[in-house]
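Just below is one structure, and these are the notes that go with it.
Below, chain A is the first sequence line, B the second, and so on; all start at residue 1.
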Number of protein chains: 2
Amino acid sequence: MERSGVGTSPGAVRPDAVGFRPLYRQVYDMLLRRLADAVWQPGQILPSEGQLAAELGVSQGTVRKALDALTADSLLVRRQGRGTFVAEHDDKQSVFRFFKLRPDGEGTGMPTSRVAAIAEAAANADERDRLALAGSARVVRIERTRALDGRLCLIETISVPVALFPGIAGLDLPNTLYSLYASRFGITIATASERLKAVVLPPREAVLLEVEAGTPALEIDRIAFDLEDRPVEWRRSTCLTESLHYLSVLR
Amino acid sequence: MERSGVGTSPGAVRPDAVGFRPLYRQVYDMLLRRLADAVWQPGQILPSEGQLAAELGVSQGTVRKALDALTADSLLVRRQGRGTFVAEHDDKQSVFRFFKLRPDGEGTGMPTSRVAAIAEAAANADERDRLALAGSARVVRIERTRALDGRLCLIETISVPVALFPGIAGLDLPNTLYSLYASRFGITIATASERLKAVVLPPREAVLLEVEAGTPALEIDRIAFDLEDRPVEWRRSTCLTESLHYLSVLR
DNA sequence: TAGTGGTCTAGACCACTGC
DNA sequence: CAGTGGTCTAGACCACTAG
C-alpha cells in the first residue's frame with residue numbers, strides 16, 4: 001500500500017522526520033476530527049472497518065488500531081457483529097463516568113437535579129483563568145442542587161463560555177448536562193480534572209442544602225475538556241458526605 | 001500453528017465452548033501468573049517477544065497483544081530497542097499512581113513519612129470485613145504521619161494481614177510501602193479503591209497534625225488489591241487540605 | 001446467510017538502543 | 001551492527017448479530 005494514501009500533506013509519514021507519527025495515529029486524528037466536527041452524530045454507526053480502510057487507503061488492521069484507541073478513549077463503542085458507533089453519554093453507565101458520588105449503603109445512586117439560578121455575565125478573573133478566556137469574554141453561570149436517591153446532597157455552580165454554548169441560558173436543562181452539550185452544541189466532554197478539598201460548609205450553602213452551618217463538606221473543583229482538549233466547563237460542587245462518598249479507583 | 005501449543009488443559013480454546021477465551025487472554029493469564037509467582041522480579045527484563053512466542057507456541061502478534069495488555073495494566077514497562085521489563089513502583093512516577101494529594105501551588109509534592117506506631121493484633125470486625133479475613137486472623141497496624149514538601153498534612157492507619165506480610169512489624173519501613181510489599185513479600189499492588197469523605201478532624205488527630213480541633217479534613221478509605229484481585233491492605237487516611245488537594249482525573 | 005467486529009498468523013520493514 | 005519493540009500489511013478464520 002502506498003503511504004501517500006493518508007496524504008502527502010504536512011503530518012504524513014516522513015521516514016527521516018524528527019517527529020515520527022505512525023499511520024494509525026494519523027488515522028486516529030482524522031477520525032477524531034470528524035467526531036469533533038460532528039460528521040457522525042452520537043449513537044450513529046460508522047462505516048465498517050473495511051470501508052474506512054478502503055476510503056483512507058490503509059489496511060484494515062491500521063484502521064482497527066485507530067478505532068481501538070478511540071474506543072479506549074470512550075469516544076466510540078464497538079459491538080461485535082453489529083458495528084462501530086459514536087459513544088453516547090446519557091445512558092446509565094456513562095452518567096457515572098463523570099459523577100463519582102455514591103451512596104454509602106444501598107441505592108441506585110442515580111442523581112437528580114434542580115436548577116436554582118441561571119444567568120449570563122462577564123467572565124470574572126477565575127473563570128477567564130480556568131476556561132482560558134479573553135478579557136472580554138462572557139459566561140453563563142448555572143447554579144443547581146442535586147439529590148441522590150431523593151436526598152439533597154450537593155450544590156454547584158457551573159460556568160461555561162457563552163461563545164461555545166449560545167442560548168444555553170434559555171434552555172430547559174436536563175439532568176445530564178453533558179448529553180445536552182453534545183446534542184445541542186456539538187461539544188463532547190472527553191476528560192475532566194477534579195481537585196477535592198474538605199471545607200466547612202459556608203452559611204449560604206448550608207441554608208440551600210438544609211443543614212446547619214459548620215458541617216464539613218467536600219468541595220470539588222472540576223474543569224472539563226472537549227475532544228480537542230480545550231477547557232469548556234468549570235464546575236465547583238459542594239457536597240455533603242454524611243451518607244455518601246466520592247469513589248476513586250486507582251489503576 | 002497448533003492451538004494446543006498453549007495447552008489442552010481446561011481453559012484452552014474450544015471453539016464450541018460457551019465461554020470463549022481468546023488465545024492472547026490465555027497468554028496474558030500465564031504471564032500474569034508468572035508475575036504473581038515472582039518468576040520475574042520487578043525491574044527485571046523479560047524474554048523478547050520472539051522468544052516468548054516460540055516458548056508458548058503462538059505467534060509473535062499474539063504475545064504482543066498480551067504484553068500490551070499487561071503494560072496497560074501497569075504491570076510491565078516496554079522500551080523500544082531495549083526490551084520489556086517488570087514494572088517497579090518506587091520511581092517518582094509510580095509514587096503518584098497511588099498518592100493523589102498535590103500541593104495547591106508550587107512544590108514537587110513528594111511525600112515523606114514518619115511511623116508513629118506499629119503493632120500486631122487480632123483483626124477487628126472492620127478489618128476482617130475489608131480484607132476478607134477469617135475470624136482468627138491477625139493483622140499488623142501501622143500508624144504514620146506524612147508530609148508534603150516538609151509540611152505535615154496527613155495521618156493514616158494501615159492494616160495488613162500478618163499472614164501475607166510476616167515479620168513486617170520488625171522492619172524499618174520505607175516511605176513507599178508498596179515497593180517494600182513487592183521486594184520483601186512478593187506482593188504487587190495492582191489496583192486500589194478509595195472512598196473519600198469530608199469530616200471534622202477528631203481531637204486526637206488534631207493533636208498529631210498540630211492543628212486545632214474542628215478543622216475540616218479529607219478522609220480517605222482505601223482498599224488495595226494484588227495481582228489476583230485479593231484485598232491485601234486497608235488504609236484510612238485523614239488529610240488536611242488547606243494548602244493541598246486530592247487530584248482525580250476522569251476519562 | 002451475509003455482514004460486522006475479533007482473533008491469529010506470517011512476514012516485511014521501521015525506529016530505537018547499546019555494543 | 002545486532003537485537004529489541006513498533007508499525008503495517010494481507011489473508012484466513014471465528015464469534016456474534018440481524019434479517
* With no hydrogens and no angle check, do the side chains of B/Ser113 and B/Arg146 hold a donor and an acceptor under 3.5 Å apart? -> yes
* **N/O (side chain, B/Arg64) to phosphate O (OP1/OP2, D/dG6) under 4.0 Å** => yes
* Would you please test A/Arg78 and A/Thr84 for side chain to side chain donor-acceptor pair (under 3.5 Å) and show each step? => CA-CA 4 Å; A/Arg78 315 196 71 188; A/Thr84 303; 3.3 Å; yes
* **Any donor-acceptor N/O pair under 3.5 Å between C/dG5 base and A/Arg82 side chain** => no
* **Between C1' of D/dG6 and OH of A/Tyr28, the distance in whole Å** => 18 Å
* To do: Would you mind reading off the distance between B/Arg21 atom CZ and D/dC16 atom C1', rounded to a whole angstrom?
  => 19 Å
* **Integer-rounded Å distance: C/dT17 P and B/Phe85 CZ** => 12 Å
* Quick one: sort the A/Phe165 and A/Phe185 rings into parallel, tilted or perpendicular, breaks at 30° and 60°. => perpendicular
* Structure fact -> Checking A/Val95, A/Leu101, A/Asp149 against A/Pro111 for side-chain contact (heavy atoms from CB on, under 4.5 Å), the one that qualifies is A/Val95
* Asked: Tell me: CZ of A/Phe20 to P of C/dC13, nearest whole Å?
  -> 15 Å
* Asked: What's the closest nucleotide to the B/Lys65 side chain, out of C/dT7, C/dG5, C/dT9?
  -> C/dT7
* To do: For A/Arg79, report the nucleic acid contact type (base, sugar-phosphate, nothing); a contact means any heavy atom under 4.0 Å.
  => sugar-phosphate
* Toward the 5' end of DNA chain D, by each residue's nearest nucleotide, A/Arg25 or A/Gln80 -> A/Arg25
* Only one of B/Arg235, B/Arg195, B/Arg130 clears salt bridge (Lys or Arg N to Asp or Glu O under 4.0 Å) with B/Asp221; which? -> B/Arg130
* Asked: What is the distance from CZ of B/Arg78 to P of C/dA15, rounded to the nearest Å?
  -> 18 Å
* Asked: Could you state the OH-P distance from A/Tyr24 to C/dA15, rounded to the nearest angstrom?
  -> 14 Å
* Should the pair B/Arg25-B/Asp29 be classified as a salt bridge under the 4.0 Å nitrogen-to-oxygen rule? -> yes
* Quick one: the dot-bracket string of DNA chain D, using Watson-Crick and G-U wobble pairs with both distances under 3.5 Å, [ ] for crossing pairs and | for bases paired to another strand. => ||||||||||||||||||.
* Asked: Between OG of A/Ser159 and CD1 of A/Ile223, what distance do you get to the nearest 0.5 Å?
  -> 11.0 Å
* Answer yes or no: does a side-chain N or O of B/Thr62 lie under 4.0 Å from OP1 or OP2 of C/dT7? => no
* side-chain N/O A/Thr84 vs C/dG5 OP1/OP2, d < 4.0 Å -> yes
* Residues B/Ser237 and B/Glu156: side-chain donor-acceptor under 3.5 angstrom -> yes
* With a 3.5 Å cut-off and no angle check, do the side chains of B/Tyr178 and B/Ser94 form a donor-acceptor pair? -> no
* Any side-chain heavy atom of A/Leu177 within less than 4.5 Å of one from A/Phe98? -> no
* Let me know the distance between CD of B/Gln60 and C1' of C/dA12, rounded to the nearest Å. => 12 Å
* **Of residues 40-52 of chain B, the positions that come close to DNA chain C - non-hydrogen atoms, cut-off under 4.0 Å** => none
* Asked: Atom CD of B/Gln26 to atom C1' of C/dC8: distance rounded to whole Å?
  -> 12 Å
